[in-house]
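Please read the structure below before turning to the comments.
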Amino acid sequence: MHAERYNPRESEPKWQQLWEQRQTFQSRNDDSRPKYYVLEMFPYPSGRIHMGHVRNYAMGDVVARYRRAKGFNVLHPMGWDAFGMPAENAARLNKSHPGTWTYANIATMRGQLKSMGLSLDWSREIATCDPSYYKHQQAMFLDFLKAGLVDRKKSKVNWDPVDQTVLANEQVIDGRGWRSGALVEQRELTQWFLKITDFSQDLLESLDTLDRWPEKVRLMQKNWIGRSEGLLVRFRIDPATAPAGESELEIYTTRPDTLFGARFMAVAPDHPLAAKAAESNPELAAFIAECRRMGTSVATLETAEKKGFDTGVRVAHPFDPDWKLPVYVANFVLMEYGCGAIFGCPAHDQRDLDFVNAYGLGNVPVVCPPGQDAANFTVTDVAYDGDGLMINSRFLDGMTIADAKEEVSKRLETVDMGGRPQAKRQVNFRLRDWGISRQRYWGCPIPVIHCESCDVVPAPKDSLPIELPQDVQLDVTGNPLDHHPTWKHVPCPSCGMPARRETDTMDTFVDSSWYFARFTDPWNTGAPTDKAVADHWLPVDQYIGGIEHAILHLLYSRFFTRAMQATGHLGLSEPFKGLFTQGMVVHETYRAADGAWVQPSEIKIETVGGTRRASLLEGDAEVTIGAVEKMSKSKRNTVDPDDIIGTFGADTARWFMLSDSPPERDVIWSEEGVQGASRYVQQLWRLIGEIAAFAAPVGATAPAEMSEKATAIRRLTHGHLLRVQESIERLRFNTAIAEIRKLSNGLSDAIGAIESAGIGADLAFAFREGGDVLVNLFAPMMPHLAEDCWQALGHDTPIAEAAWPVADVALATNDTVTLPIQINGKKRAEITVDRNADNATVEAAVLALEAVQKALDGKAPKKIIVVPQRIVNVVV
RNA sequence: GCGGACGUGGCGAAACUGGUAGACGCAAGAGACUUAAAAUCUCUCGGGAUUCCCGUGCGGGUUCGAUCCCCGCCGUCCGCACCA
């Protein structure tokens, strides 16, 4: 019996239960089939899933189901990025515990994900806030510590005054905290660091091996790591001007070629030389203090004018002891990069030029642009940073920039200055070590103990996990763990004297830097991973998530994988072989007359005379339709996945998510679009019902005699099968869906054409095959509907366990091809010829065409280009 | 400022390695069925004209042939931002 209408509300839970019963999506570590690891970035348990999750997980599920059907042993797990500030905030608000809120959210969201019908292996579920997870993270921290990959140092940190916590450089966006949006301040604190910079060169170089990553992401990481090749040069300080104990100033430059264009030196306000010089110069001290104040916010730094203050110190030019250069303290020099000191060559560096123009120090060009006359090339407002030949540079004159760099480096490297060479080649990186200390409660405790006599002592491994205390006071400023009356007090593991625990917790990006490895063996109580198992599954074959993680999460994970390799937990260095970054889900915005944002669910839209008008469901008041923007709570343009699944079913939601837009671009969620998807669900259901009525039995073999009609149907089936397959493999879900619709349209037309004529064994077979293939093709996108259709077609095992159909390439290709005929590049006719017809045959056929004859008007063609199986162009 | 991506009908888009521009869908319009509506089905749907011409942001170039390659503009979006 084939029901008139398909009812997803009845069907979807039924199939979800069956899959669960049969453990269809559980993957075993000892399966001998080739492995395929599909992973979507795991969610933060914020309360409810949103449409972005639906899109992300719908895509991953297509890949997982497709690969499973293709015979792979697929790992497709799910977990929770469960530590973090929102839980603490919620707990403070509700006077409860962050864990209560977190686990309640997880329960809700797990239910929501299950209602999507995702082919996930729930037996591997993990939550990063669970001691069974962070126990291993603590163990690895100790391993890293032992391996020299952890550092504890005093450093200037980005301090978020609202969240009262330290932020990594990566978490400061436009001078503001990435979560709170507050202006970030600089503070000096003792912090734990993971030494990501140990891997700077490798992290950079290996980007070239990640050929299945988006170019954009690789470029962003490359810029972030920021490698530059340069020279460290030591300048001798003029003893007459040297502050006590100072004799030299070391700078870093990438342009040693321009050394003869030097006009001044500049050091950062917190450079030791600046401090020394300020000791006897109150005005300088005041200037430095002012820079510090300005420096509290990166945002003001960006727009600040170039300011400097002459220290009175003079240094000698490395190639001319009599050439003295003034040393300034300048607000644009960063202590963190290079040496915190530079030499200024204004003619060829815009920043230096702005500085000299403000202080009247002048400039001398030393690189002459090609085609310019060296005698009258001058620089005024715009520095020249292009190519050219050296001028005004004594022994460098006439050299290329590259040669001049080499010459300067070579000469200064051999000059002895106090027993060391005066210069040294140096590669510098922008990348900084990863500060992981956070003064928060809801994070993974850093497993060390501070002892008065033994200093920092690692917590013994058998004391792990160091669990968070349940009784915690969150409404205190500062660090709640530090305020806890007893938690931090422990005896020193080394000397047994009273000591205290580290009360900082780890940045939550640590939690997400290795979860993909934990999924391979989440039951392991003794170690973070089973190395052999992890090496079997990893790297992740296809990782899918948002572009917002292009730098932070992905770079940290790449570092962590290397650190885990170094400490014996993994045998590889790159965790993600294929990366795909999906676009956002966007929606129209709506505003009431009073300017308040209105939710899509509160309005109705009518089209009157071609224009769309929106009004409130209640009260009918007119609503203004605004721009299409990212779904957000503040603009209230969100659509709740639960509502959509409840009304239309998960399949409809998944189908629409994948159908219209290319996956890397934003998708516009619209009511019309969902309804279109829902209509198609019904259309497919009807079509399969019709096909089932006269399809040959399951497993029927092809009859020897095939009519042309039957062959045409088979050709259609196999052609689209090939193209859908290719689209899915390229993650082009929108074109895959277009091809599926073409197949269903084609089968539908074919039914219309034969209905009255009756049906033979050949057609029955063709429809059996066509119907089966069609269902197979849309099963990764609409798995529940596919199960019902599969059953309707007479199959008795779930399609989720069925193999992908094998395309007959020979059948998919036609014996004949239709070639467009161009005359002077414009299409004028077409001919149908044998697929393998030789060029001479094609040419003869083309020349015989009426349109060609007419265009030639009795003359011979100048040229005929025949592109076999593609096109013919006749030039007259 | 530096780096990158993108620009195609009313809308989302497709177009393989330079080979028929607009597949597939959304919206719209006309019609069929219906007492009516929904649903469903059929047709039309880049612009202009009479067989043809124009058309992929704009202006050039390369080519038998350009949405695709090259040069120069314009616009939109994204990332980084005093990195020496």
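Residue numbers start from 1 in every chain, and the chains themselves are labelled A, B, ... in the order their sequence lines are given, proteins ahead of strands. Source: prediction; values computed, not measured.
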Original post:
Whole Å only: how far is the CG atom of A/N873 from the C1' atom of B/G18?
Top reply: 13 Å
Original post:
Considering only heavy atoms, which members of residues 346-358 of chain A lie under 4.0 Å from some atom of RNA chain B?
Top reply: A/R351
Subject >> Cationic N near anionic O, under 4.0 Å, A/R218 to A/E215 >> reply: yes
**OP:** Remember a base hit wins even if backbone is also touched, and classify A/Q822 as base, sugar-phosphate or nothing at under 4.0 Å, heavy atoms.
**Re:** base
Original post:
Can you tell me how far P in B/C80 sits from the matching atom in B/C71, rounded to whole Å?
Top reply: 28 Å
Original post:
Does A/K306 get its side chain close enough to the base of B/C82, under 3.5 Å, for a donor-acceptor pair?
Top reply: yes
Original post:
Tell me: CG of A/L431 to P of B/A81, nearest whole Å?
Top reply: 12 Å
**OP:** Identify which nucleotide among B/C64, B/A84, B/U20 has an atom closest to any side-chain atom of A/V333, counting heavy atoms from C-beta outward.
**Re:** B/A84
**OP:** For A/K216, check salt bridge (Lys or Arg N to Asp or Glu O under 4.0 Å) against everything at least two apart and list the hits.
**Re:** none
Original post:
A/W224 has an atom CH2; how far is it from atom C1' of B/C83, in whole Å?
Top reply: 12 Å
Subject >> Between B/C41 (P) and A/I751 (CD1): distance, integer Å >> reply: 13 Å
Original post:
Got a salt bridge between A/R227 and A/E229, using NZ or NE/NH1/NH2 to carboxylate O under 4.0 Å?
Top reply: yes
Original post:
Which is true for A/I865 with a 4.0 Å heavy-atom rule: it touches a base, it touches only sugar-phosphate, or it touches nothing?
Top reply: base
Original post:
Rounded to whole angstrom units, what separation is found between the CG atom of A/L554 and the C1' atom of B/G79?
Top reply: 14 Å
Subject >> Spacing between A/F778 atom CZ and B/G25 atom P, to the nearest angstrom >> reply: 15 Å
Subject >> Nearest-Å distance once atom C1' is located in both B/G65 and B/U17 >> reply: 15 Å
Original post:
Closer than 4.0 Å, any side-chain N/O of A/R732 to the OP1 or OP2 of B/A14?
Top reply: yes
**OP:** Between B/U20 and B/G31, how far apart are the P atoms? Round to whole Å, please.
**Re:** 38 Å
**OP:** Would you classify B/G47 as syn or anti? Syn applies when the glycosidic angle is within 90° of 0.
**Re:** anti
Original post:
Just wondering, are more than 12 heavy atoms of other shown residues or ligands nearer than 6.0 Å to NZ in A/K604?
Top reply: yes
Original post:
Roughly how far apart, to the nearest Å, are B/G7 and B/G22 at atom C1'?
Top reply: 16 Å
Subject >> 5' priority, RNA chain B, between A/A341 and A/A677 [closest heavy atom] >> reply: A/A677
Original post:
Rounding to the closest angstrom, what is the interatomic distance between B/A27 and B/C11 at atom P?
Top reply: 15 Å
**OP:** Report the base-pairing partner of B/A84 (Watson-Crick or G-U wobble, both distances below 3.5 angstrom), or none.
**Re:** none
Subject >> Integer-rounded Å distance: B/U17 P and A/I871 CD1 >> reply: 17 Å
Original post:
The side chain of A/R741 lies closest to which of these nucleotides: B/U20, B/G25, B/A14?
Top reply: B/G25
Original post:
If you measure from the C1' atom in B/C70 to the same atom in B/C77, how many Å do you get, rounded?
Top reply: 25 Å
**OP:** Name the pairing partner of B/A30, where a pair is Watson-Crick or G-U wobble with both distances under 3.5 Å, or state none.
**Re:** B/U42
Original post:
Counting side-chain heavy atoms from C-beta on, which of B/C26, B/G12, B/A84 comes nearest to A/L334?
Top reply: B/A84
**OP:** Please determine if a side-chain N or O atom of A/K216 lies less than 4.0 Å away from the OP1 or OP2 oxygen of B/G4.
**Re:** no
Original post:
If you check the A/S661 side chain, which of B/C83, B/G12, B/G3 turns out closest?
Top reply: B/G12
Subject >> Between A/E588 and A/Y590: side-chain donor-acceptor atoms closer than 3.5 Å >> reply: yes
**OP:** Please determine if a side-chain N or O atom of A/Y252 lies less than 4.0 Å away from the OP1 or OP2 oxygen of B/A84.
**Re:** no
Original post:
With both distances kept under 3.5 Å, what pairs with B/C2, Watson-Crick or G-U wobble?
Top reply: B/G79
Original post:
Taking atom P in both B/U8 and B/C52, what distance in whole Å separates the two?
Top reply: 30 Å
Subject >> A/A738, nearest nucleotide to its side chain (from B/A81, B/C83, B/A23) >> reply: B/A23
Original post:
Hey, which of these two, A/S228 or A/S659, hits RNA chain B nearer its 5' end, going by closest nucleotide?
Top reply: A/S659
Subject >> Residue A/R686, side-chain atoms from C-beta onward, closest of B/G12, B/G19, B/C41 >> reply: B/C41
**OP:** With heavy atoms under 4.0 Å as the rule, sort A/V875 into base, sugar-phosphate or nothing.
**Re:** sugar-phosphate
Original post:
Looking at A/R234 and A/E248, does any basic side-chain N land under 4.0 Å from a carboxylate oxygen?
Top reply: yes
Subject >> A/W213/A/F580 aromatic ring centres below 6.0 Å >> reply: no
Subject >> Proximity to the side chain of A/P820 - top-ranked nucleotide from B/U20, B/G25, B/C80 >> reply: B/U20
**OP:** Kindly assign one of parallel, tilted or perpendicular to the pair A/W685 and A/Y6, based on the angle between their ring planes and the thresholds 30° and 60°.
**Re:** tilted
Original post:
Hey, does the side chain of A/R679 come within less than 4.0 Å of B/A27's phosphate (OP1/OP2), counting only N and O?
Top reply: yes
Subject >> A/S228-A/N428 side chain donor-acceptor pair, cut-off 3.5 Å >> reply: no
Original post:
Who does B/U8 pair with, Watson-Crick or G-U, both distances under 3.5 Å?
Top reply: none
Original post:
Under 4.0 Å between a side-chain N or O of A/R665 and OP1 or OP2 of B/A14?
Top reply: yes
Original post:
Just to confirm, is there a sub-4.0 Å distance from OP1 or OP2 of B/A14 to any side-chain nitrogen or oxygen of A/N734?
Top reply: yes
Subject >> Atom pair distance, as rounded to whole Å: CD1 in A/I547 and C1' in B/G4 >> reply: 11 Å
**OP:** Cation-pi check, A/R430 to A/Y337: give yes when NZ or CZ is under 6.0 Å from the six-membered ring centre and within 45° of the ring axis, no otherwise.
**Re:** no
Less than 3.5 Å apart, which donor and acceptor atoms pair up between the side chains of residues 257-267 of chain A and the rest of the protein, not counting sequence neighbours?
residue : atom : partner : partner atom : Å
A/D257  : OD1  : A/R255  : NE           : 3.2
A/D257  : OD2  : A/R255  : NE           : 3.2
A/D257  : OD2  : A/R255  : NH2          : 3.0
A/T258  : OG1  : A/R255  : O            : 2.9
A/R263  : NE   : A/L361  : O            : 3.1
A/R263  : NH2  : A/L361  : O            : 3.2

Subject >> B/C73 versus B/A21 - spacing of their P atoms, nearest Å >> reply: 31 Å
